[in-house]
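To start, the structure under review is shown below, and the notes come after it.
As the structure is a prediction and not an experimental result, all values here were calculated from the model. Whatever order the structure lists ligands and atoms in, that order sets their numbers, starting from 1. When reading the values below, keep in mind they use all heavy atoms of this one structure, side chains included, and skip hydrogens, waters and symmetry mates.
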Amino acid sequence: MPSKNKDFFDDFIHYAKKLYGEDNISLHRPIFEGNEKKYLTECIDSNFVSSVGKRVSDFENAIAKFTGAKYAIATVNGTSALHIAIKLSGCEFGDEVITQSATFIATCNAISYAGGKPVFVDVDENTLGMSPTSLKCFLEKNAHIKNGKAVNKKSGNIIKCCIPMHTFGFPCQIGEIKDICEEWNINLIEDAAESLGSYVDSKHTGTFGKIGTLSFNGNKLITTGGGGMIITDDEEISLRAKHITTTSKVPHEYEFVHDEIGYNYRMPNINAALGCAQVEKLQDFIASKRDISIKWKTFFNNYDVDFVESVPPNRSNYWLNTILMESLEERNEFLNYTNKNNVMTRPIWTLMSELEMYKECQNDGLIQSKLLSERIVNIPSSVPFNS
Ligand SMILES: *Cc1c(COP(=O)(O)O)cnc(C)c1O
């Protein structure tokens, strides 16, 4: 078996270019081979390009149907969906929100917008998402129940929500996390921005918690340019979400009355038109991405490289295929060499606990997060053209 050296790097580059039949390979570019132009043209011709129009509810219905959520509310991006989800979970200024340190900045920014303070627990080395064991240990060590609420013994603040994230599309142990949250009376919100088309058994990620959120940014599985979605089975939350994301306007024929501070977070019709075309291709995209992941796995089998897989009952959408290098040095060599040769590879995000704004936030030591962040590399994962 060849060892990891420059030969492996070259084989990797060669294989990536063969797999995609392209010379310059991105990590995850969008693909528009369906009704995108048709729906966009129709939308422009209709004049309804902004926040009123039928494409928005069509897209919401399609996503609700696909995920199995009762309600779906479209927003301008995934961050705004998270912001509203956290707010509607009752998060008030100073409340604490447990999340993972290994996540995209949007999760923490949304917590901050809602007035919350992030608290970081470790991730699981197999799923790369929040570890239920770490969550349980953190709570048993640092929290107690007071008047029916989880209170942080150190800070005295209420722990209001918990936001696990399904990293790169790999479902975390969401069932176990849900049980712990119920035991501690903590609201569960799932950041499912990366996991559209990922399941635990036959239940879609994002539908385990009280609220789930999705993103349709340009690099996600399907895109609306920019966009997001709140999904929930709770009718009251769905109505509140729709209301405050549309400036809290009270329905009236011509009067402008707004009954609370609202947000201009409604997804525009023109973005939803793109979404309606993309969602028609979603099943094909998922099948094609599964195929790519199997090819990558077979490739890495010939080398001494860990390829991250989801293990049943978890089913990943393989949004971003992920390998683990042996060390930080090797990771950096690989990143440098591949990017120089026009094959895009990326490390995981800098841990939230290491960023200036969040480094004072309480954490549990984050042993796995730190180890993994030195080793993780994401490799090209787009749906190939004409697939
Ligand atoms: C993409 C993403 C979001 C949402 O990002 P937007 O760009 O605001 O749509 C949130 N959380 C995670 C983990 C993401 O990857």
Side-chain angles (χ1 to χ4, degrees), residues 26-30 59 63 67 72-87 97-114 116 118 120-121 123-124 127-130 161-172 174 177 188-198 205-206 209 211-231 241 245 263-268 271-272 274-275 278-279 289 316-322 346-353 355 358 369 372-373 376 378 381-382:
S26 52
L27 207 60
H28 207 282
R29 51 142 176 72
F59 185 49
I63 292 295
T67 57
I73 300 92
T75 58
V76 287
N77 52 46
T79 311
S80 57
L82 270 168
H83 175 190
I84 298 305
I86 299 163
K87 187 179 163 64
V97 179
I98 299 179
T99 189
Q100 55 202 63
S101 180
T103 185
F104 178 54
I105 189 72
T107 321
C108 286
N109 282 342
I111 293 169
S112 305
Y113 301 163
F120 301 117
V121 298
V123 293
D124 177 85
T127 68
L128 313 181
M130 183 182 285
C161 316
C162 175
I163 314 182
M165 196 273 282
H166 302 287
T167 311
F168 307 139
F170 300 107
C172 66
I174 191 67
I177 291 172
L188 176 60
I189 298 169
E190 285 171 86
D191 184 347
E194 306 183 352
S195 65
L196 183 62
S198 300
T205 52
I211 312 179
T213 61
L214 306 172
S215 167
F216 308 108
N217 190 34
N219 63 346
K220 296 283 159 56
L221 202 75
I222 61 170
T223 185
T224 56
M229 195 79 80
I230 296 164
I231 56 177
T245 53
Y263 301 84
N264 184 13
Y265 278 177
R266 186 83 174 147
M267 178 184 282
N271 298 78
L274 195 55
Q278 287 269 290
V279 82
K289 286 178 67 64
S316 176
N317 62 6
Y318 289 94
W319 173 56
L320 289 186
N321 289 290
T322 306
R346 287 288 181 266
I348 195 171
W349 316 276
T350 299
L351 296 178
M352 295 301 107
S353 49
L355 299 179
Y358 299 119
S369 307
L372 284 167
S373 73
I376 285 175
N378 291 131
S381 303
S382 311

Any side-chain heavy-atom pair of Met229 and Phe59 under 4.5 Å: yes

Looking only at atom types and distance, does a side-chain atom of Thr205 sit under 3.5 Å from a main-chain N or O of Ser198, one as donor and one as acceptor? yes

Taking side chain to side chain contact (heavy atoms under 4.5 Å, CB included) as the test, write out the residues that go with Lys87, two or more places apart. Ile244, Tyr263

Side-chain heavy-atom pair Leu128, Val123 within 4.5 angstrom cut-off: no

With distance as the sole test, does Gln100 use its side chain to make a donor-acceptor pair with the main-chain N or O of Met165 at under 3.5 Å? yes

In a simple table, one pair per line, please give the protein and ligand 1 atom names for every N or O pair closer than 3.5 Å, along with the distance.
residue, atom, partner, partner atom, Å
ligand 1, 8 (O), Gly78, N, 3.3
ligand 1, 8 (O), Thr79, N, 2.9
ligand 1, 8 (O), Thr79, OG1, 2.5
ligand 1, 9 (O), Gly78, N, 2.7
ligand 1, 9 (O), Ser215, OG, 2.7
ligand 1, 11 (N), Asp191, OD1, 3.3
ligand 1, 11 (N), Asp191, OD2, 2.8
ligand 1, 15 (O), Glu194, OE2, 2.5
ligand 1, 15 (O), Lys220, NZ, 3.2

Less than 6.0 Å separating the ring centroids of Tyr318 and Phe170? yes

